[in-house]
Amino acid sequence: MKCTIVDTSSSPYAKLKPVPLSAVKLKDVFWAPRIKTLREVTLLVEYEHLEKTGRIENFRRVARGDKNIEWRIADDSDVYKWFEALAYTLAYEYDEKLGEIADSVAKDIVSAQDKDGYLFTYYAFNKEARWRDLTRMHELYCAGHFFQAAIAYYRATGSRLMLDAAVRLADHIASIFGPGKREGVPGHPEIEMALVELYRTTGSKKYLDLAKFFIDERGKGLVGGSVYLIDHKPFRELDEIVGHAVRSLYLNCGATDVYLETGETSLFETLLRLWYNMVEKRMYVTGGVGSRHEGEAFGEDYELPDTRAYCETCAAVANIMWNWRMLMATAEAKYTDILELALYNAALAGISLDGRYFFYVNPLADRGKHRREEWFGCACCPPNIARLLATVPGYFYSTSDKGVWVHLYAENTANIELENTSITINQYTKYPWEGEVELEVEPSKEKEFSIFVRIPGWCSEAEVFLNGKPLETKPVPGTYLEVHKTWRRGDRLKLYLDMPVVLVASHPWVLNHACRVAIKRGPIVYCFEQVDNRGFDVWDLIVPRDAKLEAFYTPELLGGVVVVKGRGYATDSSEWGNELYKGISEVKYSLKEVEFTAIPYYAWANREPGPMIVWVKCPLIS
Ligand SMILES: [Zn+2]
């Protein structure tokens with residue numbers, strides 16, 4: 001069984017096909033330790049929380065007729081998402097202990113299914129209430145997560161136990177909703193993409209039709225017509241990305257999945273409009289989205305507050321999931337750029353370095369009060385970041401009719417099947433800390449095909465060498481460079497991706513970023529934490545636009561990171577006094593020269609609490 005995440009291998013409108021998770025073995029300093037922590041710590045810690053909070057026990061309660069179901073919204077889905085992470089982890093590398101946990105929880109889950117296929121623990125004993133409150137209750141949302149968990153388990157282990165239950169539930173839902181049956185849409189989109197994946201797994205077209213039905217019905221006010229639920233206008237008429245960020249992005253994932261199967265142009269045109277609106281006007285420099293606490297929602301154009309950034313971890317995960325699907329549809333590197341940005345920054349900040357603590361909300365500036373937590377009452381984020389980490393190996397490569405696509409860089413070995421030829425690619429690199437990448441290509445027999453290497457959009461200068469000789473085609477940042485030849489064992493492609501430290505400015509209408517800059521190096525966004533910067537408050541830091549910024553790999557710090565050091569200035573805000581406002585004539589600032597250190601944003605809040613900031617002052621107008 002080939003365990004892929006989004007199986008576009010037979011999707012007629014997919015330009016790219018997936019490479020199974022188990023085909024890629026990460027050996028790098030960045031992802032391999034994180035996947036180890038996921039296996040050895042995070043999945044087990046989350047399992048404990050799911051047991052302790054009664055979320056798994058709820059399924060057992062249903063099975064034995066115990067009506068004391070403990071309910072918090074979407075509880076079942078927390079189990080499913082964690083289970084999906086567990087299944088993908090097993091597919092990557094089987095582990096007996098984790099395998100036993102998965103088998104046992106799979107039985108518990110399935111034991112709670114009703115004879116008619118219904119599965120939602122809260123309404124297990126209340127048939128009358130089922131499917132009555134689509135706006136608020138998360139029955140369809142949980143069903144979607146169940147399908148995804150079931151598919152992952154089937155692909156990882158070959159067991160049909162969960163998949164058969166998923167089919168029963170999907171058939172039950174399809175018997176209620178659809179053309180000529182009940183109208184309705186999920187209050188929280190998610191089931192759309194899961195139904196398409198179920199179609200890909202079973203070949204049963206009614207699941208694809210149902211996914212399309214839920215997208216077609218949206219915007220008719222069936223769940224109240226609010227912008228929050230993206231129910232205010234039909235999907236194909238949306239011209240800006242709005243509403244609850246996770247709902248919005250999951251809906252886009254589903255719509256992209258439907259496009260991948262149907263090729264419907266109006267769907268894709270809508271997705272493009274939403275993507276450009278998000279990337280050009282409503283996304284943080286970290287790839288995080290959802291500017292507002294109110295409604296966990298997208299804000300207006302250029303509304304990107306820092307201390308009050310919501311940037312839910314789940315929204316970053318959803319952003320990655322959507323961009324992956326857009327990449328499959330187009331083979332365009334602009335989607336990989338956003339995927340990579342959100343992966344290394346917005347999403348990764350959601351989990352502590354030790355794999356035990358989680359952020360739900362990810363601000364870009366803080367006074368030291370915001371800390372990761374063990375768990376949440378609404379616990380969507382911890383299992384979501386777990387399943388993202390479990391799927392990371394699946395995001396590195398794809399194939400197409402023309403050859404192999406290399407999306408991400410990290411030291412690994414991949415065994416890729418291309419038209420009955422097995423191609424081994426050994427990647428040697430210290431990415432994301434260094435921009436040199438060497439690909440050693442070993443086809444099982446000589447074969448003519450292309451290798452498409454991604455030249456990241458963040459890279460201003462790149463060079464590519466084939467067996468030591470520079471390529472004639474000049475690499476263009478933000479595209480894939482096609483290298484076509486008859487590949488022989490031992491052929492080597494070498495990429496030099498220039499990775500200087502750069503200062504990034506915002507569009508002038510992001511008012512809170514006026515005269516401020518952020519530091520980036522390669523795919524990594526930096527922040528300043530107080531613990532690394534003594535003698536001044538990091539909120540008072542001024543980085544001159546011509547500051548000499550130097551990068552140093554620091555193996556003993558934060559699991560091994562490149563820090564950025566430089567010299568700048570700091571004001572002393574304690575001189576200001578207690579007034580909130582002053583006449584400008586009274587304002588006097590004395591500047592002192594300081595040395596500063598910035599660390600990767602994802603690694604913040606792993607040491608003593610203190611002020612943190614991404615966007616520091618920089619006199620842009622000279
Ligand atoms: Zn969440």
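Atoms within a ligand are numbered from 1 in the order they appear, just like the ligands themselves.
Seen from the Zn ion (ligand 1), atom SG of Cys380 and atom SG of Cys314 lie 110° apart in angle, a value rounded to 10°.
Distance check for Cys378 against the Zn ion (ligand 1): none of its N/O/S atoms falls below 2.8 Å.
Between the side chain of His507 and the backbone N or O of Glu280, no donor-acceptor pair lies under 3.5 Å.
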Practice prompt. I would like to know whether Tyr80 and His145 meet ring pair (Phe, Tyr, Trp, His ring centres under 6.0 Å); could you show each step before the answer?
Written response: CA-CA 6 Å; Tyr80 299 148; His145 277 302; 7.7 Å; no
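The cationic group of Arg218 does not satisfy the cation-pi geometry with Phe214, failing either the under 6.0 Å distance to the six-membered ring centre or the 45° limit from the ring axis.
Here the CG-CZ distance, from Asp216 to Arg236, works out to 4.5 Å after rounding to the nearest 0.5 Å.
Minimum-distance N/O/S atom of Glu312 relative to the Zn ion (ligand 1): OE2.
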